[in-house]
There are 2 protein chains.
Amino acid sequence: MLTSDNLLSPKDLAVAIGSSESSLKRWIDRGLLSVSRTAGGHRRIAVSEAIRFVRARGMPIVRPEILGLPASVGVKSRLSLNGARSPNETFSALLRAGHDVGARAHLLNRFLAGETIAELADGPIRTSLIEIGEMWHDSVEGILIEHRATEICVELIQELKKLIQPVSAELRSIGGAIDGDVYKLPPLLASAVIQENGIQAVNLGTNTPIAVFEIACLCDDLEQRPDIVWMSVNSLSELAMNRDEIERFAARCASEDIAVVIGGRLASELDIGHISSIEIHRSMQELSTFLERFKAARI
Amino acid sequence: MLTSDNLLSPKDLAVAIGSSESSLKRWIDRGLLSVSRTAGGHRRIAVSEAIRFVRARGMPIVRPEILGLPASVGVKSRLSLNGARSPNETFSALLRAGHDVGARAHLLNRFLAGETIAELADGPIRTSLIEIGEMWHDSVEGILIEHRATEICVELIQELKKLIQPVSAELRSIGGAIDGDVYKLPPLLASAVIQENGIQAVNLGTNTPIAVFEIACLCDDLEQRPDIVWMSVNSLSELAMNRDEIERFAARCASEDIAVVIGGRLASELDIGHISSIEIHRSMQELSTFLERFKAARI
DNA sequence: AAAAATTTCGTTCAAATCGTCCATTTCTCG
DNA sequence: CGAGAAATGGACGATTTGAACGAAATTTTT
């Protein structure tokens, strides 16, 4: 539980090396590992002693971040999770340190504990990247950290996507980030949230022209047509042009009974919220509730 | 028993590959398979080591889920008969059709049968995407197919990366695509190939300014400095400017004893092949052989 | 400071793994 | 074909492991 600095509980070390708490306690009692005790008799293991133990026996370290060991290259060597108050701050610290293994374990645990992908997207992932994004303008180092964190998140979201139940092919969707938008995380997160809701989602990635969305929606084979199109808008090359194009596209989709969902940081700036056939969402959880309604309406 | 995600008991692996526990223990004791031991002397096999063993010895995988692999492993794809002559054509057809599950099964099977990531990168992945890229200019549909295929490949390469050995932290590298280059596959493939060669690789993704590479290489903490920097060059905003910047950067790296490796479609157009401290490669297998030489020289 | 929630304590117990031995199968080669 | 070598898979008692439990200690919240 990372009680205080440089002291581990038996459970902590057991998790770090992928064995059970029982075994670790037995090894300690056998004298293989020396510990101190609290006033009440609880074992406390110094990190240095833990490292000596695993090194001496050539044991694998499954969760290096628990021992404060760095796992990356570039900047920020020492990883200290002690200062982190909330879970989201812990995740942010791991991302800033480029600690892919730690970030993975953190997110996986939270997902397995019941948090949805939508919640994780709006929570740790979003707040961390906003926080890191604010470093972006300050320094070159900020860009480095931001790029590295983004790559780690891409990897993690792909992994979460694999953990959700296989989707029924009944409802299909396709989407991506519009032309000129190079942020890859939002469309990826959207596809994960959609699949989490049991709907098949094809992600076209960043920088996708409207014409491509069109051809995907209006293809000849009716069996292939999606029921939903989603678009991420995080950078706008030409506001007016984009708006017109999207409005025309939405009109065509409406006539074909295809739902259009738009999200992203700049979605509201498009100023097309008044168009009834377009759904604008501000967060992944909003997207999720929309999908719930949509499914209910279609069945 | 599956104590932790990454550690198997001899029995687990024996069941996974359909042999007996006795044989497996004998193979381990003969050194064919390296394991760690618990304090009590029980063998623990890392999943990545299990996969290395399976690939090296050409063993069948009877129960892929034990190794965390999808059930499709070992199953012959139905689409392989659809007029496709070679395996690479089969993969290309799957990608064009947006058949992510099929493409995944195909690539995973080839990897587990012994093909390296470098070979798969230069083979099915490269040829498929070149072929699809040629559709790019012809039609909007081409763009759709290209985007979809790229996303699928990103996912697949991430998955392959997870299957290879966790690297020893002895050699480190960092890299990405240069500023203005938005192709995400090349740097991702490079990082996978580097990790396949036992070198830690941090991918900074697309659109990474030279200044970011610099700060990563010349950071204060010497323990964090990489031994290799790799750069992908697939689009050039300003040829001359890029060249000057890269040459300056390479000179600094040379003085710090950091190897600079450049790859990508337009790497040769930079016309900096004459600079001795810069390594230019034309394929992932060339990168791989360079890494072999590099490792040999450093030890 | 008291109460509630969480973690760790020490212990017990069934299941898994240890190393070793051996019968059987498979391979090698004269 | 057949004898010897090598590899396989099962069986064995001894040891180790991981999970469970109520009680006590610790941490967090009120």
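Judged as a side-chain contact (heavy atoms from CB on, under 4.5 Å), and not counting sequence neighbours, the contacts of A:Glu146 are A:Ile132, A:Trp136, A:Thr150. Remark: B:Ser20 engages B:Ser23 in a side chain to side chain donor-acceptor pair (under 3.5 Å) (not counting sequence neighbours). A:Arg52 pairs by the side chain to side chain donor-acceptor pair (under 3.5 Å) definition with A:Glu49, not counting sequence neighbours. Partners of A:Lys25 under the side chain to side chain donor-acceptor pair (under 3.5 Å) rule, at least two apart in sequence or in another chain, do not exist in this structure. For A:Arg55, the side-chain contact (heavy atoms from CB on, under 4.5 Å) partners two or more places apart in sequence, or in a different chain, are A:Ile51. When the side chain to side chain donor-acceptor pair (under 3.5 Å) test is applied to A:Ser128, no partner is found at least two apart in sequence or on another chain.
The nearest whole Å value for the distance from the CG atom in A:Leu13 to the C1' atom in D:dG18 is 16 Å. Taking atom CG of residue A:Asp12 and atom C1' of nucleotide D:dT27, one finds them 14 Å apart after rounding to whole Å.
Comparing A:Thr38 and A:Leu24 by the nucleotide of DNA chain D whose heavy atom lies nearest to each, the residue mapping closer to the 5' end is A:Leu24.
Computed from C1' positions of five pairs at each end, the angle between the two local axes of the helix from C:dA1-D:dT30 to C:dG30-D:dC1 equals 50°, rounded to 10 degrees.
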Atom pairs, protein N/O to nucleotides 18-22 of chain C N/O, distance under 3.5 Å:
| unit_1 | atom_1 | unit_2 | atom_2 | d |
| --- | --- | --- | --- | --- |
| C:dC18 | OP1 | B:Arg43 | N | 2.7 |
| C:dC18 | OP1 | B:Arg43 | NH1 | 3.1 |
| C:dC18 | OP2 | B:Arg43 | NH1 | 3.3 |
| C:dC18 | O5' | B:Arg43 | NH1 | 3.3 |
| C:dG19 | OP1 | B:Arg37 | NH1 | 3.0 |
| C:dG19 | OP2 | B:Arg43 | NH1 | 2.8 |
| C:dG19 | OP2 | B:Arg43 | NH2 | 2.4 |
| C:dG19 | N7 | B:Lys25 | NZ | 3.3 |

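Of the side-chain N and O atoms in A:Ser20, none sit less than 4.0 angstrom from OP1 or OP2 of D:dT17. Taking 4.0 angstrom as the limit, B:Trp27 places a side-chain polar atom (N or O) nearer than this to OP1 or OP2 of D:dT8.
Within 6.0 Å of NZ on A:Lys295 lie more than 12 heavy atoms contributed by other residues, nucleotides or ligands.
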Less than 3.5 Å apart, which donor and acceptor atoms pair up between the side chains of residues 107-126 of chain A and the rest of the protein, not counting sequence neighbours?
| unit_1 | atom_1 | unit_2 | atom_2 | d |
| --- | --- | --- | --- | --- |
| A:Asn109 | ND2 | A:Ala105 | O | 3.3 |
| A:Arg110 | NE | A:Glu115 | OE2 | 2.8 |
| A:Arg110 | NH1 | A:Asn88 | OD1 | 2.9 |
| A:Arg110 | NH1 | A:His106 | NE2 | 3.1 |
| A:Arg110 | NH2 | A:Asn88 | OD1 | 3.0 |
| A:Arg110 | NH2 | A:Glu115 | OE1 | 3.3 |
| A:Arg110 | NH2 | A:Glu115 | OE2 | 3.4 |
| A:Thr116 | OG1 | A:Glu119 | N | 3.0 |
| A:Glu119 | OE1 | A:Thr116 | N | 3.0 |
| A:Asp122 | OD1 | A:Met284 | N | 2.9 |
| A:Asp122 | OD2 | A:Met284 | N | 3.3 |
| A:Asp122 | OD2 | A:Gln285 | N | 2.9 |
| A:Asp122 | OD2 | A:Gln285 | NE2 | 3.1 |

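Looking at the side chain of A:Arg30, the nearest of the listed nucleotides D:dG18, D:dT16, D:dT8 is D:dT16.
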